[in-house]
S.K.: 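Mind looking over this structure? Questions follow.
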Amino acid sequence: MTLKVYNYLSREMEVFEPIQPGRVGMYVCGPTVYDHSHLGHAKTYVAMDVIVRYLKHLGYQVRHVRNITDVGHLLDSGEDRILRGARRHRLEPMEVVETYMNSFFEDMDALKVQRPNISPRATGHIPEIIQWIRDLLDAGYAYEVAGNVYFSVEAMPDYGKLSRRNVEDLEAGVRVQVRDEKRHPADFSLWKRAEPEHLMQWPSPWGAGYPGWHIECSVMSTKYLGQPFDIHGGGLENIFPHNECEIAQAEAHHDADFAKYWVLVGSLTVNGIKMSKSLGNFLTIKDALALYTPEAIRFFILSGHYRGPVDFSREALEAAQRGVQRLHNTLRAVRDRMGTAPPAGTAILSDVSALTDYRKAFQEAMEEDFNTPQALAVLFEMVKDVNQQLTQKGDLSMGSLAAIEKTFGDLAGSVLGILPAEEKASAVSSELVEGLMDIIMDLRREAREAKEWERADMLRNRLALLGIMLNDAPAGSSWTYEG
RNA sequence: GGCGACGUAGCCAAGUGGUAAGGCAGGGCUCUGCAAAAGCCUUAUUCGUCGGUUCGAUUCCGACCGUCGCCUCCA
């Protein structure tokens, strides 16, 4: 079994071989925290999360670094409502940053995105950034003009190698007005001079200013992961100029490749158009979570390949919600059965071999560049199989049921993160609740035996209003709480 | 203008040089007092269009049409 990864650097599928055996260093471009995150962010980070989870599943020791950009884009241009608001309300920019950073982490936690091992912030690395810029100046890769420091793309002959652009094309197509002080239109800022009214600024050898847009990622990734490191991830839309600039800076600064594999995630779209702040066609993660479960949102995102776009729509989310429910139903049925399973009943799927086949098929899907849609298809084939066994065989052994539960837990739970937390059910199951439910279930059973359907249905409906769903089976009725 | 991606059933979405996964929705049946859940069966002679290569293409090549992304902060 070999993990294959599509590397944007080569534009080919490559066998994944970490630089150090058994260890993976991975850096993901994180968000700029100036507003609540939307589903587009969710797609990128859920996709990267599954990649991290899968690498861990394979036994790699992963160091996952994802930055928080808390400076550089926070220009007090007068356009930015947040900062204008911050000024009006006498908030420090850092208070704004803190608010939305916390919001972002809340959202990621809610979506069951595992926290990175390190979440470095640009403002926490100003000294390192300044040192890097000095180094680049000393080495002749950068130049200073009136408090601004620019990186000279002409000093890096292979600038553009990731996004497959060349400097000539860039020159031809520039739409932005070129700042005269740049030697080449494609040169980009390492350090920017701060006007006195600029809200965030630090002293530097070039005067008061703040870091450019790209330098933090080069500095922080290599600080914690070394250079080169294994995987650089993020959203595909950042391939140019951001990722390209990261490479140029790092490979100029240190005579080594920057990152070995570039794993970039396609955008989330709405009616085919990218979900983005500026277009206003976004749904915040918090709003989405009010409508759909975290598992449904993850399922929706994972139902498309990470490199491609996934198109958001109500219908798609609702389909995901129902799809994930089907998976949960089966798992719940397995767990219910475990409560009454004979220790030595019929062993099914046995036959661990069948389960092994599903694990293998799942693994084969994931090893083809993390093909989660294929992996989900495998899980649903297993769901169908398990459902059939559950209805056909009443005496499944405890061992078989436990093996099934474990398989679901490992694949759908640990790797994909689309199983509900078990705690939810136990949160309400106290002795008192169990006792009360026993009484109610007895009452309803008596009503049904007396064919008093109205009373039986009334009990069922009122329980449903509390989120308690009844399931009448030939062997008797059971209940579940869905909160 | 430059670079790139995509176009598969009602919707979402995998995939392969040899005859189309999976989910949702729909239809029929079983189970059920009725539901719900579950089960069984069923829904693309066809993969944007037109050519080419091939014994054979949805899969390779070319053209065209359409959609989108990046080139400016953006996950």
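Each chain gets a letter, A, B and so on, in the order the sequences are listed, and its residues count up from 1. Source: prediction; values computed, not measured.
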S.K.: Between B:rA5 and B:rG23, how far apart are the P atoms? Round to whole Å, please.
M.R.: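 Their P atoms lie roughly 31 Å apart.
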S.K.: For B:rG7 and B:rU59, measure between their C1' atoms and round to the nearest Å.
M.R.: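 Here B:rG7 and B:rU59 have their C1' atoms 14 Å from each other.
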S.K.: Does any N or O donor sit under 3.5 Å from an N or O acceptor when you compare the side chain of A:R164 with the base of B:rC71?
M.R.: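 No such pair is found, so the answer is no.
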S.K.: Rounded to whole angstrom, note down the P distance from B:rU46 over to B:rA9.
M.R.: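 It works out to 12 Å between them.
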S.K.: Is any NZ, NE, NH1 or NH2 atom of the basic residue among A:D357 and A:K360 found under 4.0 Å from an Asp or Glu carboxylate oxygen of the other?
M.R.: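 Salt bridge flag = no for A:K360 with A:D357.
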S.K.: Any base atoms under 4.0 Å from A:G308, or only sugar-phosphate, or nothing? Heavy atoms, all strands.
M.R.: nothing
S.K.: Within the pair A:N329 and B:rA38, is there a side-chain N or O less than 4.0 Å away from OP1 or OP2?
M.R.: yes
S.K.: Separation of A:K274 atom NZ from B:rC6 atom P, in whole Å?
M.R.: 18 Å
S.K.: How is A:R337 classified with respect to the nucleic acid when contacts are heavy atoms under 4.0 Å: base, sugar-phosphate, or nothing?
M.R.: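 Touches nothing.
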S.K.: What I'd like to find out is whether the side chain of A:L317 reaches to under 4.5 Å of the side chain of A:L291, using heavy atoms alone.
M.R.: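 With C-beta onward as the side chain, the pair stays apart.
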S.K.: Name the pairing partner of B:rA57, where a pair is Watson-Crick or G-U wobble with both distances under 3.5 Å, or state none.
M.R.: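 WC or wobble partner does not exist here.
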S.K.: Which pair of non-hydrogen atoms, one from A:S477 and one from A:R448, has the smallest distance, and what is that distance?
M.R.: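 Between these two residues, the closest heavy atoms are OG-NH1, 3.4 Å.
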S.K.: I want to verify a distance call: between B:rG22, B:rG33, B:rC68, whose nearest atom is closest to the A:A377 side chain?
M.R.: B:rG22
S.K.: Rounded to the Å, how far apart are A:H214 NE2 and B:rU72 C1'?
M.R.: 10 Å
S.K.: Provide, to the nearest angstrom, the distance between the CE atom belonging to A:M200 and the C1' atom belonging to B:rC73.
M.R.: 16 Å
S.K.: Taking any strand in view, what nucleotide pairs with B:rC50 in a Watson-Crick or G-U wobble way, both distances under 3.5 Å?
M.R.: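 Result: B:rG62.
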S.K.: Between A:D49 and A:R66, does at least one N-O distance fall below 4.0 Å, as a salt bridge requires?
M.R.: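 Between A:R66 and A:D49 there is no salt bridge, as every charged N stays at least 4.0 Å from the carboxylate O atoms.
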S.K.: So what does A:K384 touch, heavy atoms closer than 4.0 Å: a base, only the sugar-phosphate, or nothing?
M.R.: sugar-phosphate
S.K.: Roughly how far apart, to the nearest Å, are B:rU53 and B:rG62 at atom P?
M.R.: 15 Å
S.K.: Using the side-chain heavy atoms of A:S276, tell me which of these nucleotides is nearest: B:rC3, B:rC74, B:rG15.
M.R.: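 Nearest listed nucleotide: B:rC74.
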S.K.: In this structure, how many angstroms lie between the P atom of B:rG2 and the CD atom of A:E244, rounded?
M.R.: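 So the CD-P distance, A:E244 to B:rG2, works out to 20 Å.
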S.K.: Check the orientation of A:H41 and A:Y45. Use parallel for under 30°, tilted for 30 to 60°, and perpendicular for over 60°.
M.R.: parallel
S.K.: Give a yes or no on whether a donor-acceptor pair under 3.5 Å exists between the nucleobase atoms of B:rG33, that is its base, and the side chain of A:D457.
M.R.: yes
S.K.: Considering all heavy atoms of both residues, which atom of A:E244 and which atom of A:R164 are nearest to each other, and what is their separation?
M.R.: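 Shortest heavy-atom contact: OE1-N, 4.4 Å.
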S.K.: Please state the C1' separation for the pair B:rG18 and B:rG22 - nearest whole angstrom.
M.R.: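 So the two C1' atoms sit 23 Å from each other.
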S.K.: Do the numbers put A:R183 on top of the ring of A:Y150, so that NZ or CZ is under 6.0 Å from the six-membered ring centre and no more than 45° off the axis?
M.R.: no
S.K.: What's the closest nucleotide to the side chain of A:T391 if the choices are B:rA14, B:rG33, B:rA38?
M.R.: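 The listed nucleotide nearest to A:T391's side chain is B:rA38.
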S.K.: Nearest-nucleotide wise, let me know which of A:H305 and A:V324 is further upstream toward the 5' end of RNA chain B.
M.R.: A:H305
S.K.: Would you check if A:H64 and A:N117 make a side-chain contact, meaning some heavy-atom pair closer than 4.5 Å?
M.R.: yes
S.K.: Roughly how far apart, to the nearest Å, are B:rG52 and B:rU45 at atom P?
M.R.: 24 Å
S.K.: Select base, sugar-phosphate, or nothing to describe what A:S163 touches, counting heavy atoms under 4.0 Å on all strands.
M.R.: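 The answer is sugar-phosphate, as A:S163 gets under 4.0 Å only of primed atoms, P, OP1 or OP2.
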S.K.: Using atom C1' of each nucleotide, how far apart are B:rC6 and B:rU49 to the nearest Å?
M.R.: 16 Å
S.K.: Counting the atoms with a prime plus P, OP1 and OP2 as sugar-phosphate, which does A:G40 contact under 4.0 Å by heavy atoms, base, sugar-phosphate, or nothing?
M.R.: base
S.K.: With a 4.0 Å limit, can you tell me whether A:R326 has a side-chain N or O closer than that to the phosphate oxygens OP1/OP2 of B:rG23?
M.R.: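 Yes, A:R326 has a side-chain N/O under 4.0 Å of OP1/OP2 on B:rG23.
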S.K.: Does A:R322 contact B:rA25 through a side-chain donor or acceptor facing the base, at a distance under 3.5 Å?
M.R.: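 Looking at the base of B:rA25, it does not pair with any donor or acceptor on the side chain of A:R322 (distance under 3.5 Å).
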S.K.: What integer distance in Å separates A:N281:CG from B:rC68:P?
M.R.: 12 Å
S.K.: Take atom C1' in B:rC3 and the same atom in B:rU43, then report the distance between them in whole Å.
M.R.: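 Going atom to atom, C1' in each nucleotide, I get 42 Å.
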S.K.: With a 4.0 Å cutoff (strictly under), does any side-chain N or O of A:N371 reach OP1 or OP2 of B:rA14?
M.R.: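 Looking at the OP1 and OP2 atoms of B:rA14, neither is under 4.0 Å from any side-chain N or O of A:N371.
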S.K.: Select one nucleotide: of B:rC71, B:rA75, B:rA13, the one nearest the side-chain heavy atoms of A:H38.
M.R.: B:rA75
S.K.: Look through every strand shown and name the nucleotide pairing with B:rG22 as Watson-Crick or G-U wobble, where both distances are under 3.5 Å.
M.R.: B:rC12
S.K.: Counting only Watson-Crick or G-U wobble pairs whose two distances fall under 3.5 Å, which nucleotide matches B:rG33?
M.R.: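 Base partner found: none.
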S.K.: Tell me, which of residues 102-110 of chain A have any heavy atom that sits under 4.0 Å from an atom in RNA chain B?
M.R.: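 Heavy-atom cutoff 4.0 Å gives no residues at all.
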S.K.: Where the side chain of A:F380 is defined as all heavy atoms beyond and including C-beta, which of B:rG23, B:rG2, B:rG39 is the nearest nucleotide?
M.R.: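 Between B:rG23, B:rG2, B:rG39, the one nearest the side chain of A:F380 would be B:rG23.
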S.K.: Nearest to the side chain of A:R165, heavy atoms from C-beta on, is which of B:rG2, B:rA75, B:rC41?
M.R.: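 Out of B:rG2, B:rA75, B:rC41, the nucleotide with an atom closest to A:R165's side chain is B:rG2.
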S.K.: Looking at A:T330, does any N or O in its side chain come under 4.0 Å of the phosphate oxygens OP1/OP2 on B:rA38?
M.R.: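 It does not, given that no N or O in the side chain of A:T330 lies less than 4.0 Å from OP1 or OP2 of B:rA38.
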S.K.: Between the side chains of A:E106 and A:K286, is the shortest nitrogen-to-carboxylate-oxygen separation below 4.0 Å, so that they form an ion pair?
M.R.: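 Counted as a salt bridge, because a side-chain N and a carboxylate O are separated by less than 4.0 Å.
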S.K.: Determine, for A:R444 against A:E446, whether the closest basic-nitrogen to carboxylate-oxygen distance falls under 4.0 angstrom.
M.R.: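 Judged by the 4.0 Å cut-off on N to carboxylate O distance, A:R444 and A:E446 do not form a salt bridge.
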S.K.: Within the 4.0 Å heavy-atom criterion, would you say A:L379 contacts the bases, only the backbone, or no part of the nucleic acid?
M.R.: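 Here A:L379 touches no strand at all.
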S.K.: Could you check whether A:Q321 gets within reach of a base, just the sugar-phosphate, or nothing at all, counting any heavy atom under 4.0 Å?
M.R.: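 The answer is nothing, as A:Q321 stays clear of every strand by at least 4.0 Å.
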S.K.: In this structure, how many angstroms lie between the C1' atom of B:rU32 and the CG atom of A:D472, rounded?
M.R.: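 Between C1' of B:rU32 and CG of A:D472: 8 Å.
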S.K.: Is the phosphate of B:rC70 approached by A:N238 (side-chain N or O, under 4.0 Å from OP1 or OP2)?
M.R.: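 Indeed not, no polar side-chain atom of A:N238 lies that close.
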S.K.: I need the CD-P distance between A:E368 and B:rG15, as an integer number of Å.
M.R.: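 The answer, rounded to whole Å, is 9 Å.
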S.K.: Would you say the base of B:rA75 stacks on A:Y45 (centre-to-centre below 5.5 Å, plane angle below 30°)?
M.R.: no
S.K.: With nearest nucleotides of RNA chain B determined for A:R444 and A:S313 from heavy-atom distances, which residue corresponds to the more 5′ nucleotide?
M.R.: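 Mapping each residue to its closest nucleotide by heavy atoms, the 5'-most match is A:S313.
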S.K.: Between A:E98 and A:R121, is there a side-chain N and carboxylate O pair less than 4.0 Å apart?
M.R.: yes
S.K.: Among A:F258, A:F151, A:F188, which one satisfies ring pair (Phe, Tyr, Trp, His ring centres under 6.0 Å) with A:H214?
M.R.: A:F188
S.K.: Can you tell me the distance, in whole Å, between the CE atom of A:M366 and the C1' atom of B:rA14?
M.R.: 14 Å
S.K.: Using a heavy-atom cut-off of under 4.0 Å over every strand shown, decide if A:N387 touches base, sugar-phosphate, or nothing.
M.R.: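 Answer is sugar-phosphate: A:N387 comes under 4.0 Å of backbone atoms only.
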S.K.: Taking any strand in view, what nucleotide pairs with B:rG1 in a Watson-Crick or G-U wobble way, both distances under 3.5 Å?
M.R.: B:rC71
